[in-house]
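Report on the following structure.
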There are 2 protein chains.
Amino acid sequence: MATIVQVARLAGVSTSTVSHVLNDTRNVEPSTRAKVMAAIEETGYRQDAVARAMRRARTDSIGLVISDAGEPAFAEMVHGVEHAAAARGLTLILANSAEDPVREERAVNTLLSRRVDGLIIARCAESSATVSSRLEPEAPRPVVLLDRVFDNSPHDQVGADNRDSMRRLVEHLQAAGHRRFLLVAGDQRVPTLVERFRGFRDAIPDADLPQQVVVDAVDIAEVRQAVATALQQQRASCVIAASTPLAVAALECLRDAGLATPDQIAFAAFDGFSHSDLFRPTITTVRQPAFEMGAAAVSLLIDRLAAPDASPRTLRLNQTLELRESTENYEPRAS
Amino acid sequence: MATIVQVARLAGVSTSTVSHVLNDTRNVEPSTRAKVMAAIEETGYRQDAVARAMRRARTDSIGLVISDAGEPAFAEMVHGVEHAAAARGLTLILANSAEDPVREERAVNTLLSRRVDGLIIARCAESSATVSSRLEPEAPRPVVLLDRVFDNSPHDQVGADNRDSMRRLVEHLQAAGHRRFLLVAGDQRVPTLVERFRGFRDAIPDADLPQQVVVDAVDIAEVRQAVATALQQQRASCVIAASTPLAVAALECLRDAGLATPDQIAFAAFDGFSHSDLFRPTITTVRQPAFEMGAAAVSLLIDRLAAPDASPRTLRLNQTLELRESTENYEPRAS
DNA sequence: ACCGGCCACGAAAACGATTGATTGGAGAGC
DNA sequence: GCTCTCCAATCAATCGTTTTCGTGGCCGGT
């Protein structure tokens, strides 16, 4: 590849002039500019982003650490981040922590060493301390937390209105006559799942609480075990799964127990399944605006770069409650 | 951030010694090494990947240009690439062309300007010429083509055994009694879809060909239109969709036409839907090993970096035919 | 005692751009 | 005609590493 020196030589000017033409960073005589452009054309010169980053403060790149690249909701967030970043001329460096704090920390280190202008992180369940301590004392690289939102975070954050949405979902189900729920709440070290659990509690009168079954197992096999046991006791009229993997486990249990949805038991899930409308039963879903969350994270990051000292913001995007047949036609029985 | 100079000063050695300690690139006295390590610890020094890349020939990063980040199959490939790259200490720069040749070219340029060690590209439908010409004359950055595989490509490639799989699928359906198919073949500028179409032709006796309906419309609305029309003519006993978006369109048409699967019409799809087993009808699917394809692309890239002059390889991973109820219980009617 | 070789380390030149300081010349004002 | 200003363009320092050459000291062999 040609370098700026060769371009300058060919155009008969200095490298600084070429640089200024390239970056439009000070006036240059039209005739010189033309010569430079011609030389660029002829040599097939392309700016070297590495050398450029070396000299300047910024790299025009951002890092994204995702906690589970295999999960469709996160894939959508990646998509949203990529889209918003590209639209602003930022390149995206992607890393996956696979819910492993060690890999997460390694990823953050790698990204920092590559001098990304900022970081977007969907934290894994157990990472809080490590990553924070790694982030704070360093050169102040802005960080935006994605999806997994923490109280009193020093960082900007974007999440969903999990608590409200869960409350609305449960209230809807209650209005349809449901009183006894099986909530598959999932790993309570994950803020998202904690919020959804809280929303559930918000909607349940204290007196009814004892009737509810909550599964907060971490390992998916344990979840399946617990759900199966709970179903045998035949107490719930409605199952709520707080995430897609949990919904998968729950649906498998329902299938294995021979319980049909919605005729024998109602079912609702957060995040849900793609193309849910094409298959039966169609599942009542609280859908996360995953793409938009990713895009919003980039916006927050840009804002932060422009105003490093503004106080941190937490953005909550609305989820949509999509009612489908898995929660229809419930006939409350006298209990 | 501390630099290598500060570390050297603190340790009372030269920067070259620090560098050699860091990279284990020549013998250093255990005592000096210890001093250096201590200084690194104390300053919290972290190697600067940008400066490092500046000096060395490699950047330890690879670029991935994906043609449709929104599609789950491609998201899985991204996941596979990320996984394999991280395992080898490579960082991944991600770009999405969204099936737009202009964006694709821009992405390739950006990645080259960042001096990625190599590129993995899932080409978009119309890009052939542009990107090729951009890639060839440059500094020889290895390129691996992913999913969309081209004949006589000068690059390494990894795809799926589309033609074989389609032939096997059709043969299976024929064995079950189907003779008249509606193939939703999709955009024939996409090599993957061309291969699937060829596999279909392979399996159909010439005499039967006139009975088959093939929809190769590009725009998804046109596809839907064409499928709807074809269904009204009531000729096919089985619909085959050559990709997930096409399957979505086809299933919507079936639903709108009030045709139940599999009772009134059989259905099979390539790539398919996640968690297909949980919902009805369960769909007979030819599943792409998307994750593995991504990982394989990284392997090819690594091999290529090690042996730049080896002749280009094309890898074809096997797809699996997953038989489900959408193609069961067909009762051939006398026609 | 001298020479050669080895070993641990250091000095300094890249890598390819950006950018603050500086120069040279043209034009304006008196 | 002289100075002052302004503008375009150049010079040279700089970013933080890696790596090529050297250098000096020590040891062993003759």
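Letters A, B, ... mirror the listed sequences (proteins, then strands); counts begin at 1.
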Item to check | Arg141(B)/Asp117(B) salt bridge by N-O under 4.0 Å criterion | outcome: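 So Asp117(B) does not pair with Arg141(B) through a salt bridge.
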Checklist entry - If we ignore angles and hydrogens, is there a donor and acceptor under 3.5 Å between the side chains of Gln288(A) and Asp147(A)? => result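 Yes, Asp147(A) and Gln288(A) have a side-chain donor paired with an acceptor closer than 3.5 Å.
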Item to check | Donor-acceptor side-chain pairing of Asn23(B) and Arg52(B) below 3.5 angstrom | outcome: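 Yes, Arg52(B) and Asn23(B) have a side-chain donor paired with an acceptor closer than 3.5 Å.
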Counting side-chain heavy atoms from C-beta on, which of [options] comes nearest to [X]?
{"X": "His20(B)", "options": "dA8(D), dG16(D), dT20(D)", "answer": "dT20(D)"}
{"X": "Thr17(B)", "options": "dA9(D), dG10(C), dA17(C)", "answer": "dG10(C)"}
{"X": "Val13(B)", "options": "dA9(D), dG10(C), dG16(D)", "answer": "dG10(C)"}

Nucleotide N/O of nucleotides 12-15 of chain D paired with protein N/O under 3.5 Å:
unit_1, atom_1, unit_2, atom_2, d
dT14(D), O2, Arg55(A), NE, 3.4
dT14(D), O2, Arg55(A), NH1, 3.1

Take atom [atom1] of [X] and atom [atom2] of [N], then tell me their distance rounded to the nearest Å.
{"X": "Asp48(A)", "N": "dG16(C)", "atom1": "CG", "atom2": "C1'", "result": "6 Å"}
{"X": "Arg9(B)", "N": "dG10(C)", "atom1": "CZ", "atom2": "C1'", "result": "15 Å"}
{"X": "Asp24(A)", "N": "dT19(C)", "atom1": "CG", "atom2": "C1'", "result": "16 Å"}
{"X": "Lys35(B)", "N": "dG10(C)", "atom1": "NZ", "atom2": "C1'", "result": "13 Å"}
{"X": "Asp60(B)", "N": "dT17(D)", "atom1": "CG", "atom2": "C1'", "result": "14 Å"}
{"X": "Glu29(A)", "N": "dA26(C)", "atom1": "CD", "atom2": "C1'", "result": "12 Å"}
{"X": "Asn23(A)", "N": "dA17(C)", "atom1": "CG", "atom2": "P", "result": "11 Å"}
{"X": "Gln6(A)", "N": "dA17(C)", "atom1": "CD", "atom2": "P", "result": "9 Å"}

Next on the checklist: Please confirm whether the shortest side-chain N or O distance from Asn27(B) to OP1 or OP2 of dC7(C) is below 4.0 Å.
Outcome noted: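 Looking at the OP1 and OP2 atoms of dC7(C), neither is under 4.0 Å from any side-chain N or O of Asn27(B).
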Next on the checklist: Side-chain N or O of Thr32(B) versus OP1/OP2 of dA8(C): is the shortest distance under 4.0 Å?
Outcome noted: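 For dA8(C), OP1/OP2 do not have a side-chain N/O of Thr32(B) under 4.0 Å.
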Next on the checklist: My understanding is that only one of Asp156(B), Val81(B), Leu64(B) makes a side-chain contact (heavy atoms from CB on, under 4.5 Å) with Val144(B); could you say which?
Outcome noted: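 It is Asp156(B), the one option of Asp156(B), Val81(B), Leu64(B) that forms the side-chain contact (heavy atoms from CB on, under 4.5 Å) with Val144(B).
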Checklist entry - Considering only heavy atoms from C-beta outward, does the side chain of Pro142(B) approach that of Leu119(B) to under 4.5 Å? => result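 Not in contact.
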Checklist entry - Just checking Thr25(A): base, sugar-phosphate only, or nothing, at a heavy-atom cut-off of under 4.0 Å? => result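 Here Thr25(A) touches no strand at all.
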Next on the checklist: Applying a 4.0 Å non-hydrogen cut-off, can you work out what Val50(B) is touching in the nucleic acid: base, sugar-phosphate, or nothing?
Outcome noted: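 No contact.
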Item to check | Donor/acceptor link under 3.5 angstrom from Arg26(A) side chain onto base of dA9(D) | outcome: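 Per atom types, the contact qualifies.
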Next on the checklist: I'd like to know whether NE2 of His20(B) has more than 12 heavy-atom contacts from other residues, nucleotides or ligands below 6.0 angstrom.
Outcome noted: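 Yes, because the 6.0 Å sphere around NE2 of His20(B) holds more than 12 heavy atoms from other groups.
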Next on the checklist: Using every non-hydrogen atom in the two residues, find where Arg114(B) and Thr59(A) come nearest and quote the distance to one decimal.
Outcome noted: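 Taking Arg114(B) first and Thr59(A) second, the nearest heavy atoms are NH2-O, 2.8 Å.
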